[in-house]
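Per chain, numbering begins at 1; letters A, B, ... match sequence-line order.
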Amino acid sequence: MQRSDNTSTHRIIIHIDFDYFFAQCEEIKRPEIKDKPVVVCIYSGRTKESGVVSTCNYIARKYGVKSGISIKIAKAKLAQVSQAVFLPSDIKHYSEKSDNAMTLIRDFLDNYSLSATSSIVFQPIKCVKFEYIGLDECFVEVTEKADFDFAKAKELANNLKKQIRKETGLTCSMGIAPNKLIAKIASDLQKPDGMTIVEPDEAKNFISKCNVDKIPGIGPKTTAKLLEMGIRTGGELSAFGLFRLIDAFGKKYATYLYKSGQGIDNEPVKSRGSAKQIGRIITLKRDISQTTSEIDGELEYICKSVYKMALDQNVIFRNIGILLILNNLDNITRSKSLKTHSRDFHELYSSVKSILNETLNNYPNIKVRRLGIKLSDLKDNEGQNTMLNFINNNIINTKTK
DNA sequence: GAACAGAAAAC
DNA sequence: CCTCCTTTCTGTTC
């Protein structure tokens, strides 16, 4: 598939997805739970058991436990299983584990030489592109590393998999394909510890048989809408025709859908830029309707927590917003821009308070269940004022015990 | 073109 | 009766 002028006719992209990540981290940390159902929970703090399942291992999945269901229901499903393990999520630990694995992936690829060529010239090609998606997920492009050859990419991927397993204990699932769209769908097909390869000439056929809800960017709403239009698969999606899709979805999204249905995706694997917004959301102990001193503590807590994130990432902010999730699960967002970028905690805190007050006054009848704040329009803090950061950080740390 | 709100998606 | 974090897009208004 390589042309004589040395330009490629295709890319080779691997999507790497660590299996049942949070729960697997816990299994590695304490091997004695490995053959029991393991459920990692996010406790909301509202009542003792309120919250949802974040991730669970495959043993727990056999009993119908899965991400997103309430802890209460998960416990009911595992009621007969005396050995079931419920753990609070330890994001810090998972982040470290993720960092290690991601670093390992980069290093491995930077130094990787195919056995066939390495004995002749040892010259690692530093041409691997890496894209971080989330704690448990990334893309890498290995087109040149694998010499445009999917068989070589498969060998590389298997070596990488072994290495990840050896160094971190983690298993992962991989999809190897000519673009990110198909690589991502493919990695999900054989789990856990699986590998699925879709070569360029299979791409169109592969996607034509996929259900539309497997396509990234198509969620529940769009799936339902497509179903009403009689579209269930990628093939039916592109057969529907670009123009009629535009009528239903607008030009931009329709074009994405139409191309996806044919397995076409030219998005490059690119390293992630800095965050565009940072935020935090909490569940209140009790629903509130008016501003009451009852939530002062919580308000201060999330403001500090988000402010600390800004300090950690060394950014200053101009836009400050709140998010209210009501007892009926409707959301309201309100935000305001400051005159200039700020790095001042009290400006943040008083802005949040005034936006919140104003909003609650405008909706006297709502019941707020969860409260979030976010900072956006972020800017790099130019590096200076490190001392001031230090002092601010200390204020935050000492105030929040 | 900026500012803001909301929807949708994915994690 | 149910978490949390972030991105991107769209529509509206000024």
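Checking C/dC5, C/dT8, B/dA5 against every side-chain atom of A/Gln277, the shortest atom distance belongs to C/dT8. When each of B/dA5, C/dC4, C/dC2 is scored by its nearest atom to the side-chain atoms of A/Leu329, the top-ranked nucleotide is C/dC2. Of the candidate nucleotides B/dG6, C/dT8, B/dC4, C/dT8 has the atom nearest to the side chain of A/Lys276. Comparing C/dT7, C/dC2, B/dA9 by their nearest atom to the side chain of A/Thr222 picks out B/dA9. Distances from the side chain of A/Ile42 to the nucleotides B/dA10, B/dA5, C/dT3 place C/dT3 closest. Nearest to the side-chain atoms of A/Lys252 among the listed nucleotides C/dT10, B/dC4, B/dG6 stands C/dT10. With B/dA3, B/dA5, C/dT3 as the candidates, the nucleotide lying closest to the side chain of A/Ser337 is B/dA3. For A/Arg334, taking side-chain heavy atoms from C-beta onward, the closest of the listed nucleotides B/dC11, B/dA5, B/dA10 is B/dA5. Comparing atom distances between the A/Ile332 side chain and each of B/dA9, B/dC4, B/dG6 picks out B/dG6 as nearest. Comparing C/dC4, C/dT7, B/dC11 by their nearest atom to the side chain of A/Asp136 picks out B/dC11.
B/dA8 sits 22 Å from C/dC5 when the P atoms are compared, rounded to a whole Å. The separation of B/dA9 from C/dC4, taken at their C1' atoms, amounts to 14 Å, rounded to a whole angstrom.
Residue A/Asn319 is in sugar-phosphate contact alone, with no base atom involved, counting any heavy-atom pair closer than 4.0 Å across all strands shown. Using a 4.0 Å heavy-atom criterion, one finds that A/Arg369 contacts the bases of the nucleic acid, with or without backbone contacts as well. At a threshold of 4.0 angstrom between heavy atoms, the contacts of A/Arg272 with the nucleic acid are absent. Counting non-hydrogen atoms under 4.0 angstrom, A/Ser89 reaches nothing in the nucleic acid. No contact: A/Ile133 has no heavy atom under 4.0 Å from any strand. A/Ile215 comes within 4.0 angstrom of the backbone, heavy atoms only, and of no base. At the heavy-atom level, A/Ile278 lies under 4.0 Å from the strands shown only through sugar-phosphate atoms.
Residues A/Ser54 and A/Tyr253 each lie close to DNA chain C; by heavy-atom proximity, the contact nearer the 5' end of the strand is made by A/Ser54. With the nearest nucleotide of DNA chain C identified for both A/Lys251 and A/Met309, A/Met309 has the one nearer the 5' end.
Nearest heavy-atom pair, A/Ile215 versus A/Ser260, reported as atom, atom and distance to 0.1 Å: CG2-CB, 4.0 Å.
Separating the CZ atom of A/Phe249 from the C1' atom of B/dA9 is a distance of 14 Å, rounded to the nearest angstrom. Rounding to whole angstrom units, OH of residue A/Tyr43 and C1' of C/dC4 are separated by 16 Å. Atom pair A/Leu375:CG and B/dA3:C1' shows a separation of 17 Å (rounding to whole Å applied). In this structure, CD1 of A/Ile373 is placed 14 Å from P of C/dC4, rounded to the nearest angstrom. Rounded to an integer number of Å, the gap from A/Glu137 CD to C/dC5 C1' is 14 Å. Note: CG (A/Leu378) to C1' (C/dT6) measures 12 Å, nearest angstrom. One can place NZ of A/Lys225 at 9 Å from P of B/dA8, the figure rounded to the nearest angstrom. Between the C1' atom of C/dC4 and the CD1 atom of A/Ile325 lies a distance of 9 Å, rounded to the nearest Å.
OP1 or OP2 of C/dC4 has at least one side-chain nitrogen or oxygen of A/Thr283 nearer than 4.0 Å. Side-chain N/O atoms of A/Arg370 include one lying less than 4.0 angstrom from OP1 or OP2 on C/dC4. For the pair A/Thr333 and B/dG6, the criterion of a side-chain N or O lying under 4.0 Å from OP1 or OP2 is met. Listed pair A/Arg318 / B/dA3 meets the phosphate criterion, a side-chain N or O lying under 4.0 Å from OP1 or OP2.
With a 6.0 Å cutoff to the six-membered ring centre and a 45° limit on the axis angle, A/Lys225 counts as a cation-pi contact of A/Phe249. Relative to the ring axis of A/Tyr132, A/Arg272 does not place its NZ or CZ within 45° and under 6.0 Å from the centre. Under the 6.0 Å distance and 45° angle rule, A/Lys180 counts as a cation-pi partner of A/Phe139.
A donor-acceptor contact closer than 3.5 angstrom links the side chains of A/Thr283 and A/Arg370.
Using a distance-only test at 3.5 Å, with no hydrogens or angles considered, a donor-acceptor pair links the side chain of A/Asn179 to the main chain of A/Gly263.
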Throw together a table of side-chain donor-acceptor distances under 3.5 angstrom for residues 160-167 of chain A, partners on residues two or more places apart or in other chains.
from	atom 1	to	atom 2	distance (Å)
A/Lys161	NZ	A/Cys172	O	3.1
A/Lys161	NZ	A/Asp193	O	3.2
A/Lys161	NZ	A/Asp193	OD1	2.5

